Amino acid sequence: DDDLLTVLAATEPYWSIWPPWQYGALPPAMRTLQTGGVEFAARFLSHMARSSSPRIAAKALLWLSLCIQQAPKTLQLSRCELSQEALLASYMQTADSLLTSAAGTGETLHGIEARLIEQKLYMNMGWPRQAWLSVRRAADGALLLRLHRAPDQKGGGGGGGREAAIWTEIWHLETNFALILGLPSTIPIPILTPSPGPPPQREHDNGSSSGCDSPLRTLQHRMCSLAASIVARNQSPQPSYLATVQIGHELDGCRALMPDSWWHEPLRPDQPFAQLYAQQATKMQYFLIAKLLHLPFMLSADARYEYSRASAVAASRGLIAAYLGLRNCGRGLFV
């Protein structure tokens with residue numbers, strides 16, 4: 001279908017920033033969509049959308065929905081009479097119906113992965129409540145499959161890389177939503193363990209898998225752990241300023257995991273987009289956590305809280321600078 005090829009070709013530059021397990025039901029020996037190219041992706045998605053498993057079909061439809069959502073609004077579809085917004089709504093509704101129809105059967109990794117793609121779609125649409133509900137449904141299914149034990153089993157020869165990556169993603173998302181929405185977190189902080197053997201070399205690696213394979217992943221894990229500490233602090237009617245200062249010092253220590261040039265130097269034009277996106281997204285997350293850490297105290301007239309006021313303002317500036325860095329690079333306009 002020409003329209004499918006058009007949508008895929010328009011969004012292929014962004015596939016590298018989507019976790020590989022969101023590409024569909026890929027057997028271990030099959031090429032990922034990123035390395036397979038647009039024509040392979042079209043054949044693959046068409047095949048998966050016709051799967052007898054409603055969860056696999058839903059995942060393929062949701063991944064295609066993500067492509068439609070991220071495509072430029074000026075994109076012209078030759079055969080489809082629906083607008084991009086109507087087409088996106090139709091695919092998402094169909095996928096949700098498929099997932100709902102499969103709710104009475106046993107949970108699978110495909111259903112969990114589909115919910116995580118769904119949350120990304122909702123978050124891009126500015127619907128954080130719906131995105132949080134999708135993450136909670138994914139977390140419920142993951143617990144039933146004991147994915148919370150996957151990081152512990154990763155080195156035991158059980159091939160738990162996919163399961164560990166899913167659980168780590170759920171933990172990151174659930175913690176961040178709890179922090180932003182002011183909700184309690186229900187997932188404990190997983191232990192950061194090194195992956196056995198050399199770290200995998202993947203072009204589309206965005207630091208989302210578990211294990212301390214790189215300083216960036218260690219930084220992301222520590223940041224999420226500190227976000228969980230802020231969530232726990234916020235459950236008190238009167239947040240502790242002592243806890244705030246302690247978390248602030250730990251957050252400042254996280255900066256040393258990456259060199260100063262990583263934080264301050266301009267982005268290089270020749271930098272791979274996946275690397276560029278991971279760098280700027282991590283910076284934005286760091287400054288957002290710092291801002292929300294000091295938010296309860298920044299408007300106080302008490303002079304003791306001047307540190308929080310200055311820190312919150314500096315974090316807000318850093319957040320804006322990191323966001324503009326991504327937008328101004330020319331390749332992040334539609335992310």
Side-chain angles (χ1 to χ4, degrees), residues 18-26 48 51-63 65-66 91-154 158-192 208-211 220-221 224-225 227-232 234-235:
W18 298 340
W21 43 262
Q22 291 187 356
Y23 290 1
L26 288 171
M48 289 298 106
S51 171
S52 59
S53 168
R55 293 186 175 96
I56 294 178
K59 186 164 63 168
L61 288 176
L62 287 169
W63 196 87
S65 298
L66 190 56
Y91 278 172
M92 290 185 65
Q93 184 178 7
T94 302
D96 190 66
S97 298
L98 288 170
L99 292 173
T100 301
S101 69
T105 60
E107 189 58 76
T108 68
L109 294 179
H110 300 303
I112 297 170
E113 292 169 344
R115 289 298 183 188
L116 293 178
I117 305 174
E118 186 180 57
Q119 74 78 27
K120 183 173 179 64
L121 285 159
Y122 282 135
M123 200 60 192
N124 290 347
M125 296 164 70
W127 295 2
R129 179 180 175 274
Q130 289 298 114
W132 177 79
L133 287 173
S134 295
V135 172
R136 286 304 314 161
R137 289 173 180 141
D140 291 344
L143 289 172
L144 291 175
L145 292 181
R146 296 179 59 82
L147 296 196
H148 58 292
R149 304 295 301 174
D152 298 337
Q153 300 165 356
K154 190 175 180 183
R162 179 185 179 191
E163 291 84 354
I166 293 173
W167 182 251
T168 300
E169 182 78 359
I170 290 173
W171 172 58
H172 283 176
L173 291 169
E174 198 268 353
T175 301
N176 289 329
F177 277 122
L179 178 64
I180 294 172
L181 299 177
L183 301 170
S185 176
T186 58
I187 298 180
I189 300 173
I191 299 174
L192 183 65
S208 62
S209 62
S210 64
Q220 291 168 340
H221 181 93
C224 198
S225 299
S229 299
I230 299 172
V231 169
N234 290 347
Q235 301 316 302

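Please read these numbers as outputs of a predicted model, since none were measured by experiment. Because only heavy atoms are used, hydrogens play no part in the values below, and waters and symmetry mates are left out as well, while side chains stay in.
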query = Is atom CZ of Phe177 surrounded by more than 12 heavy atoms (other residues, nucleotides or ligands) closer than 6.0 Å?
reply = yes
Residue pairs fulfilling salt bridge (Lys or Arg N to Asp or Glu O under 4.0 Å) with at least one residue in residues 179-188, sequence neighbours excluded = none
Electrostatic pair Arg55:Glu113 at N-O distance under 4.0 angstrom = no
Approximate separation, where rounding is to 0.5 Å, of Thr94 OG1 and Leu99 CG = 11.0 Å
ask   = Taking all non-hydrogen atoms of both residues, which atom of Val231 and which atom of Ser185 are closest, and how far apart?
value = CG1-N, 3.6 Å
request  = Name all residues meeting the salt bridge (Lys or Arg N to Asp or Glu O under 4.0 Å) criterion together with Arg115; count only those two or more places apart in sequence or in a different chain, and write none if there are none.
outcome  = Asp96, Glu118
query = About how many Å separate OG of Ser134 and CG of Leu173, when rounded to the nearest 0.5 Å?
reply = 10.5 Å
key: Worked verdict on Lys120 versus Leu116 for side-chain contact (heavy atoms from CB on, under 4.5 Å)   = CA-CA 7 Å; Lys120 183 173 179 64; Leu116 293 178; over 6 Å; no
ask   = Could you give the distance from CG (Asn234) to CG (Leu183), rounded to the nearest 0.5 Å?
value = 11.0 Å
key: Smallest separation among heavy atoms of Pro54 and Ser101, with atom names   = CB-OG, 4.2 Å
note = Rounding to 0.5 Å, atoms NE2 (His172) and OG (Ser225) come to a distance of 7.5 Å
query = Can you tell if the side chain of Leu66 reaches within under 4.5 Å of the side chain of Asn124, non-hydrogen atoms only?
reply = yes
Which atom of Ala58 lies closest to which atom of Ala95, heavy atoms considered = CB-O, 3.7 Å
key: Parallel, tilted or perpendicular: rings of Trp171 and His221 (30°, 60°)   = tilted
message = Taking CD in Gln235 as the centre, count heavy atoms belonging to other residues, nucleotides or ligands within less than 6.0 Å. Is the count above 12?
response = yes
message = Please check this pair: side chain of Glu174 against backbone of Thr186, looking for a donor-acceptor N/O pair closer than 3.5 Å.
response = yes
request  = Check whether any side-chain heavy atom of Met48 sits under 4.5 Å from a side-chain heavy atom of Trp63, and report yes or no.
outcome  = no
Any side-chain heavy-atom pair of Thr175 and Ile189 under 4.5 Å = no
query = Roughly how far apart are His148 NE2 and Ile166 CD1, rounded to 0.5 Å?
reply = 14.5 Å
Closest heavy-atom pair and its distance - Ile170, Ala142 = CD1-CB, 3.6 Å
ask   = How long is the span from the CZ atom in Arg149 to the CH2 atom in Trp167, to the nearest 0.5 Å?
value = 11.0 Å
Closest approach of Ile187 to Ala139 (non-hydrogen atoms, all atoms of both residues) = CD1-CB, 4.4 Å
ask   = Just by modelled atom types, is the Ala165 backbone N or O under 3.5 Å from a matching donor or acceptor in the Thr168 side chain?
value = no
request  = Mind running side-chain contact (heavy atoms from CB on, under 4.5 Å) on Arg137 and Ile112 for me, showing each step along the way?
outcome  = CA-CA 8 Å; Arg137 289 173 180 141; Ile112 297 170; over 6 Å; no
task = Determine whether Leu181 and Pro128 make a side-chain contact, defined as any pair of heavy atoms from C-beta on separated by less than 4.5 Å.
result = yes
